[in-house]
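Okay, so here's the structure we're looking at.
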Amino acid sequence: MGDDESMILLRDVEIDFNNITLIRNIESIHQRFEWDCGLCCIVSILRWLKRINNNCNKNENMEYIYQILNTKSIWSIDLSNVFSELGVNHKYYTNTIGVKIDYKEMQFYKNCWESDSLRVNNLFLKTMDLNPSNLQLVSSSNQLPIKYYIDHISKGLPIILLVDSCYLYCNICDIPSNNNNNNNNNNNNNNNNNNNNNNNNNNNNNNNNNNNNNNNNNNNNNNNNNNNNNNNNNLSNDNENFNKNKYREEEEDENDFCGHYIILVGYNYETKEIIYIDPSSKQRFCTITERNIDNARMKSGTDLDSIFILNQP
């Protein structure tokens with residue numbers, strides 16, 4: 001890692017770089033949509049391991065892995081299954097085999113619960129049948145300590161970690177995750193647009209005759225149909241402008257859980273900070289205290305999920 005990059009990473013603090021362990025050459029792939037953080041993480045690891053065609057651009061790699069996942073509702077077992085399919089040696093730690101029925105009413109999970117439950121349970125059965133050594137059950141009372149993560153990273157091996165992004169506080173970005181301001185701006189813009197549209201519609205309704213109203217209704221129906229069709233487009237046709245919008249603003253509520261995948265890639269022994277790659281951040285690297293990463297990874301909804309990569313490039 002060059003000095004310039006190191007200084008940015010450490011907020012321009014003069015320290016001994018021998019106190020940092022960092023896995024180099026893992027790309028930070030910025031997510032484009034609300035759902036694809038896990039996809040970005042797995043493609044970053046696969047490109048680092050050279051298990052997919054690095055001569056292709058990232059979008060082509062993303063499309064290829066997306067076809068294997070075959071879902072936009074990604075669970076950790078989906079990621080583990082892709083690694084197994086591509087021969088990546090790994091260990092998937094979790095405190096739940098299959099789906100936890102308690103999550104059925106969580107907003108984050110409920111919209112795709114029926115289809116997710118069937119797929120996830122089947123993938124766990126497949127793993128226990130074909131690759132049982134890839135799966136390791138942990139309990140809430142006997143979970144992996146943060147030192148276990150640090151020791152693994154110090155061997156030059158990354159970890160994909162599921163966290164609640166509402167509690168992911170980056171010491172560089174300085175706010176929970178990085179998109180609260182964008183969300184507020186988007187909400188204001190949407191409100192302004194809605195007000196303008198309502199005013200225009202009211203004026204049109206006053207000025208237009210019944211025939212025009214009928215035409216407007218037909219146009220609205222056509223627009224709605226077009227919008228529905230656009231929502232079913234493939235990965236390559238989705239909106240490129242991503243903004244996460246599921247962050248806690250006021251009160252802590254279990255239903256506010258927002259699952260998010262990051263890659264742990266380093267540790268600063270002097271500041272006691274974990275170094276990680278966040279697909280939602282524009283930073284090359286993010287840092288977080290041990291206490292805060294524990295808080296984010298242990299929230300209800302994460303199942304204490306983590307995937308330890310055991311291969312070197």
Side-chain angles (χ1 to χ4, degrees), residues 23 26 29 35-54 61-101 103 109 112-140 142-145 148-163 259-265 276-277 279 297-298 301-313:
I23 305 169
I26 296 183
I29 299 179
W35 57 269
D36 65 339
C37 54
L39 176 59
C40 292
C41 288
I42 201 169
V43 170
S44 292
I45 297 296
L46 290 171
R47 286 175 66 88
W48 174 67
L49 290 172
K50 298 180 173 58
R51 293 301 178 94
I52 49 179
N53 189 354
N54 286 21
N61 290 154
M62 297 275 280
E63 185 70 42
Y64 170 65
I65 299 303
Y66 172 65
Q67 296 303 322
I68 299 177
L69 288 167
N70 197 31
T71 181
K72 293 182 181 179
S73 180
I74 297 173
W75 291 50
S76 301
I77 189 64
D78 292 302
L79 303 183
S80 176
N81 181 64
V82 171
F83 281 139
S84 296
E85 292 283 340
L86 298 179
V88 175
N89 194 17
H90 68 284
K91 181 76 74 175
Y92 168 30
Y93 293 91
T94 182
N95 71 2
T96 304
I97 301 297
V99 299
K100 188 178 289 185
I101 196 65
Y103 297 161
Y109 290 107
C112 300
W113 182 258
E114 295 303 326
S115 59
D116 282 358
S117 296
L118 180 62
R119 186 188 76 256
V120 168
N121 285 328
N122 284 337
L123 284 176
F124 270 103
L125 290 173
K126 175 183 175 183
T127 298
M128 289 187 290
D129 183 37
L130 300 178
N131 301 290
S133 62
N134 290 346
L135 187 62
Q136 181 67 52
L137 192 64
V138 296
S139 65
S140 298
N142 188 29
Q143 55 192 278
L144 298 178
Y148 195 82
Y149 293 80
I150 296 169
D151 288 346
H152 187 79
I153 298 166
S154 68
K155 298 174 185 175
L157 298 168
I159 301 167
I160 295 179
L161 185 67
L162 177 61
V163 297
H260 184 58
Y261 290 101
I262 59 175
I263 309 175
L264 308 187
V265 295
Y276 65 97
I277 292 173
R297 73 183 178 91
M298 294 180 185
T302 68
D303 288 339
L304 303 177
D305 283 0
S306 56
I307 300 176
F308 284 56
I309 305 303
L310 303 178
N311 287 111
Q312 292 275 5

Side-chain contact test, heavy atoms from C-beta onward, threshold under 4.5 Å: evaluate it for V82 versus I65 and give yes or no.
-> yes
Check: I45 and F83 side chains under 4.5 Å, non-hydrogen atoms | yes
Look up atom [atom1] in [X] and atom [atom2] in [Y], then write down how far apart they are to the nearest 0.5 Å.
X    : Y    : atom1 : atom2 : answer
L130 : N81  : CG    : CG    : 9.5 Å
R51  : I42  : CZ    : CD1   : 12.0 Å
L69  : L79  : CG    : CG    : 6.5 Å
M128 : S133 : CE    : OG    : 13.5 Å
Y149 : L144 : OH    : CG    : 4.5 Å
E63  : L39  : CD    : CG    : 9.0 Å

[X] side chain to [Y] main-chain N or O, any donor-acceptor pair under 3.5 Å?
X    : Y    : answer
T94  : L137 : no
Y103 : G301 : yes
S154 : D151 : yes
N89  : I309 : no
S44  : C40  : yes
H152 : I150 : no

Between the side chains of S84 and N134, is a donor N or O closer than 3.5 angstrom to an acceptor N or O?
-> yes
Can you find a side-chain donor-acceptor pair between D305 and Y92 that sits under 3.5 Å?
-> yes
Restricting to non-hydrogen atoms, name the atom on [X] and the atom on [Y] that form the minimum distance, rounded to 0.1 Å.
X    : Y    : value
I29  : R47  : CD1-CD, 4.2 Å
L162 : T302 : CD2-O, 3.3 Å
Q143 : M298 : OE1-CE, 2.8 Å
H260 : P279 : NE2-CD, 4.1 Å
I23  : L264 : CD1-O, 4.5 Å

Working for ring pair (Phe, Tyr, Trp, His ring centres under 6.0 Å), residues Y261 and W75 = CA-CA 10 Å; Y261 290 101; W75 291 50; over 10 Å; no
Check: Y66 ring centroid to W35 ring centroid under 6.0 Å = yes
Go through L161 and S306 one step at a time and tell me if the side chain to side chain contact (heavy atoms under 4.5 Å, CB included) criterion holds.
-> CA-CA 5 Å; L161 185 67; S306 56; 3.7 Å; yes
Give the C-alpha distance, both sets of side-chain angles, the deciding distance and a yes or no for side chain to side chain contact (heavy atoms under 4.5 Å, CB included) between M62 and D36.
-> CA-CA 9 Å; M62 297 275 280; D36 65 339; 3.9 Å; yes
Taking only residues two or more places apart in sequence, or in another chain, which ones meet Y148 in a ring pair (Phe, Tyr, Trp, His ring centres under 6.0 Å)?
-> F308
Give every donor-acceptor pair under 3.5 Å between a side-chain atom in residues 117-124 and any protein atom, sequence neighbours left out.
residue : atom : partner : partner atom : Å
S117    : OG   : W113    : O            : 2.7
S117    : OG   : W113    : NE1          : 3.3
R119    : NE   : D78     : OD1          : 3.0
R119    : NH1  : D116    : OD1          : 3.0
R119    : NH2  : S73     : O            : 2.7
R119    : NH2  : D78     : OD2          : 2.9
N121    : OD1  : V99     : N            : 3.2
N121    : ND2  : S117    : O            : 3.0
N122    : ND2  : L118    : O            : 3.2

Please report the C-alpha distance between N311 and H90 in whole Å, then the side-chain angles of each, then the deciding distance to 0.1 Å, and finally whether the side chain to side chain contact (heavy atoms under 4.5 Å, CB included) criterion is met.
-> CA-CA 7 Å; N311 287 111; H90 68 284; over 6 Å; no
Begin from the C-alpha positions of Y276 and I263 and carry the test side chain to side chain contact (heavy atoms under 4.5 Å, CB included) through to its verdict.
-> CA-CA 5 Å; Y276 65 97; I263 309 175; over 6 Å; no
Should K100 and D303 count as an ion pair when the cut-off is N to O under 4.0 Å?
-> yes
